[in-house]
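Here the structure is a predicted model, which is why all the values come from computation and not from measurement.
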Amino acid sequence: MEELESRQTQILNRITQLELSLLPPSTDEQPSATVARLSAALVAGGVKDFSFKRVSSDYYDWSLEARRDVLGAASIHHLCKSIVLVNTQAASDITDCSDRQNSKYYVVVVQYTARFSADTVKNFLYTLNNGKIPKKRFNLRLAPEEISHELTGFEHNGVTCVGMKTDIPVILDEAIVKLQPDFFWLGGGEIDLKLGIRTSEFINFTKPFIVNCSGS
């Protein structure tokens with residue numbers, strides 16, 4: 001019975017959002033300061049194919065299929081997230097992001113449908129540094145929310161790789177690069193704001209390390 005009620009609620013949420021998405025945009029609605037700031041940064045960085053979409057406050061209670069529909073994403077695999085990782089075993093003199101190859105922090109972009117592998121990133125960074133840094137010096141863990149917010153300026157579920165307070169090196173999962181069509185969605189700087197962007201332009205803008213760091 002509870003499962004049926006949950007399913008009915010999901011269907012109603014989906015119908016409501018589909019109806020809202022069909023409404024014509026308000027001509028007097030002004031973009032938020034976040035949209036304006038991030039749009040300016042993207043345009044300045046040569047990005048042309050991107051879009052911001054405001055979603056419901058209960059967006060994260062929805063199924064991936066409902067999120068896909070309201071965003072107009074090509075599939076649930078095109079729904080991605082940015083997570084801030086901290087290297088808890090970095091040497092004591094590694095405290096910031098000044099060295100892309102051996103940073104204290106990284107932002108990893110992965111699909112919601114994928115299983116992120118921290119060990120794969122660990123091995124990648126070890127190889128990236130030509131084995132000069134012992135493997136034991138790489139231990140990637142999810143950064144505490146307060147640290148993530150301090151570094152990026154964005155709240156949990158609103159983290160994006162655009163306009164971060166700190167220039168944190170980006171790691172893009174290779175699976176996202178292979179998506180067709182090559183336009184994916186991720187956080188847009190606010191909890192209820194999402195950013196859709198052309199993959200090739202995202203790569204040119206963020207200059208990420210492209211790593212096979214997940215499984216389905």
Query raised in the report: For Thr166 and Cys97, which heavy atoms make the closest approach, and how far apart are they?
Result: CG2-SG, 4.2 Å
Query raised in the report: Same cluster or not: are Val211 and Val170 linked, directly or through other Ile, Leu, Val, Met, Phe, Trp or Tyr residues, by side-chain heavy atoms under 4.5 angstrom apart?
Result: no
Query raised in the report: How close do Glu190 and Ser32 get, heavy atom to heavy atom, and via which atoms?
Result: OE2-OG, 3.3 Å
Query raised in the report: Between Leu142 and Leu151, is there a shared hydrophobic cluster once you connect ILVMFWY residues whose side-chain heavy atoms come closer than 4.5 Å?
Result: no
Query raised in the report: Hey, does Ile168 have a side-chain heavy atom less than 4.5 Å from the side chain of Thr152?
Result: yes
Query raised in the report: Under 3.5 Å, side chain of Asn87 to main-chain N/O of Gln89, donor-acceptor pair present?
Result: yes
Query raised in the report: Going through the checks in order, is the side-chain contact (heavy atoms from CB on, under 4.5 Å) test met by Ile197 and Phe205?
Result: CA-CA 11 Å; Ile197 189 168; Phe205 182 82; 5.6 Å; no
Query raised in the report: With the 4.5 Å side-chain cut-off for hydrophobic clustering, are Leu186 and Phe183 part of the same group?
Result: no
Requested in this report: For the pair Asp173 (side chain) and Val108 (backbone), establish whether a donor and an acceptor sit closer than 3.5 Å, ignoring hydrogens and angles.
Outcome: no
Report summary line: Residues Leu38 and Val162: closest non-hydrogen pair is CD2-O, 3.4 Å
Query - Flag, side chain of Lys136 to backbone of Ile133, donor-acceptor distance under 3.5 Å - result: no
Query raised in the report: Is there side-chain contact between Val86 and Ile147, with at least one heavy-atom pair below 4.5 Å?
Result: no
Report task. Examine Phe138 and Ile171 and state if one hydrophobic cluster contains both, with Ile, Leu, Val, Met, Phe, Trp and Tyr joined whenever side-chain heavy atoms are less than 4.5 Å apart. Result -> yes
Report summary line: Nearest heavy-atom contact between Ala175 and Gln111 is CB-OE1, 3.3 Å
Query raised in the report: Under 3.5 Å, is there a donor-acceptor pair between the Lys81 and Asn157 side chains?
Result: no
Report task. Looking only at non-hydrogen atoms, find the nearest pair between Thr160 and Gly189 and report the distance. Result -> CG2-N, 3.9 Å
Query raised in the report: Looking only at atom types and distance, does a side-chain atom of Glu201 sit under 3.5 Å from a main-chain N or O of Lys48, one as donor and one as acceptor?
Result: yes
Query raised in the report: When rounded to the nearest 0.5 angstrom, what is the spacing between CG in Asn139 and CG in Leu85?
Result: 10.5 Å
Report task. Look up atom CG in Leu179 and atom CZ in Phe184, then write down how far apart they are to the nearest 0.5 Å. Result -> 8.5 Å
Report task. Would you check, one step at a time, whether the test side-chain contact (heavy atoms from CB on, under 4.5 Å) holds for Val55 with Leu71? Result -> CA-CA 8 Å; Val55 298; Leu71 291 175; 3.9 Å; yes
Report task. Could you walk me through whether Phe50 and Leu195 pass the side-chain contact (heavy atoms from CB on, under 4.5 Å) test, one step at a time? Result -> CA-CA 7 Å; Phe50 67 92; Leu195 167 63; 4.1 Å; yes
Report task. Would you check if the side chain of Ser103 reaches a backbone N or O of Tyr106 as a donor-acceptor pair within less than 3.5 Å? Result -> no
Requested in this report: Give a yes or no on whether the backbone of Thr88 and the side-chain of Arg141 come within a donor-acceptor separation of less than 3.5 Å.
Outcome: no
Requested in this report: Flag the pair Leu125 / Leu140 as yes when at least one side-chain heavy-atom distance between them is below 4.5 Å, and no otherwise.
Outcome: yes
Requested in this report: Would you give the length of the straight line joining atom CD of Gln180 to atom NE2 of His78, rounded to the nearest 0.5 angstrom?
Outcome: 7.5 Å
Query raised in the report: Roughly how far apart are Asn212 CG and Leu172 CG, rounded to 0.5 Å?
Result: 11.5 Å
Query raised in the report: Are Tyr112 and Trp62 grouped together when hydrophobic residues (ILVMFWY) are joined by side-chain heavy atoms under 4.5 angstrom apart?
Result: yes
Report summary line: In this structure, CD1 of Ile210 is separated from CD of Glu174 (nearest 0.5 Å) by 8.0 Å
Query - Pairwise distance CD1(Ile191) to CD(Glu155) - rounded to 0.5 angstrom - result: 4.5 Å
Query raised in the report: Short question: side chain of Ser75, backbone of His77 - any donor-acceptor pair under 3.5 Å?
Result: yes
Query raised in the report: Shortest non-hydrogen contact from Phe52 to Ser39?
Result: CE1-OG, 3.3 Å
Requested in this report: Examine distances only and state if a side-chain atom of Arg115 and a backbone atom of Ser214 form a donor-acceptor pair shorter than 3.5 Å.
Outcome: no
Report task. With the side chain counted from C-beta on, respond yes when Val35 and Leu193 share a heavy-atom pair under 4.5 Å apart, and no when they do not. Result -> yes
Query raised in the report: Can you find a heavy atom in the side chain of Trp185 that is under 4.5 Å from one in the side chain of Arg67?
Result: no
**Report entry** Salt bridge flag under 4.0 Å for residues Asp96 and Lys104
**Finding:** no
Query raised in the report: Only one of Val177, Val109, Asp182 forms a side-chain contact (heavy atoms from CB on, under 4.5 Å) with Phe202, so which one is it?
Result: Val109
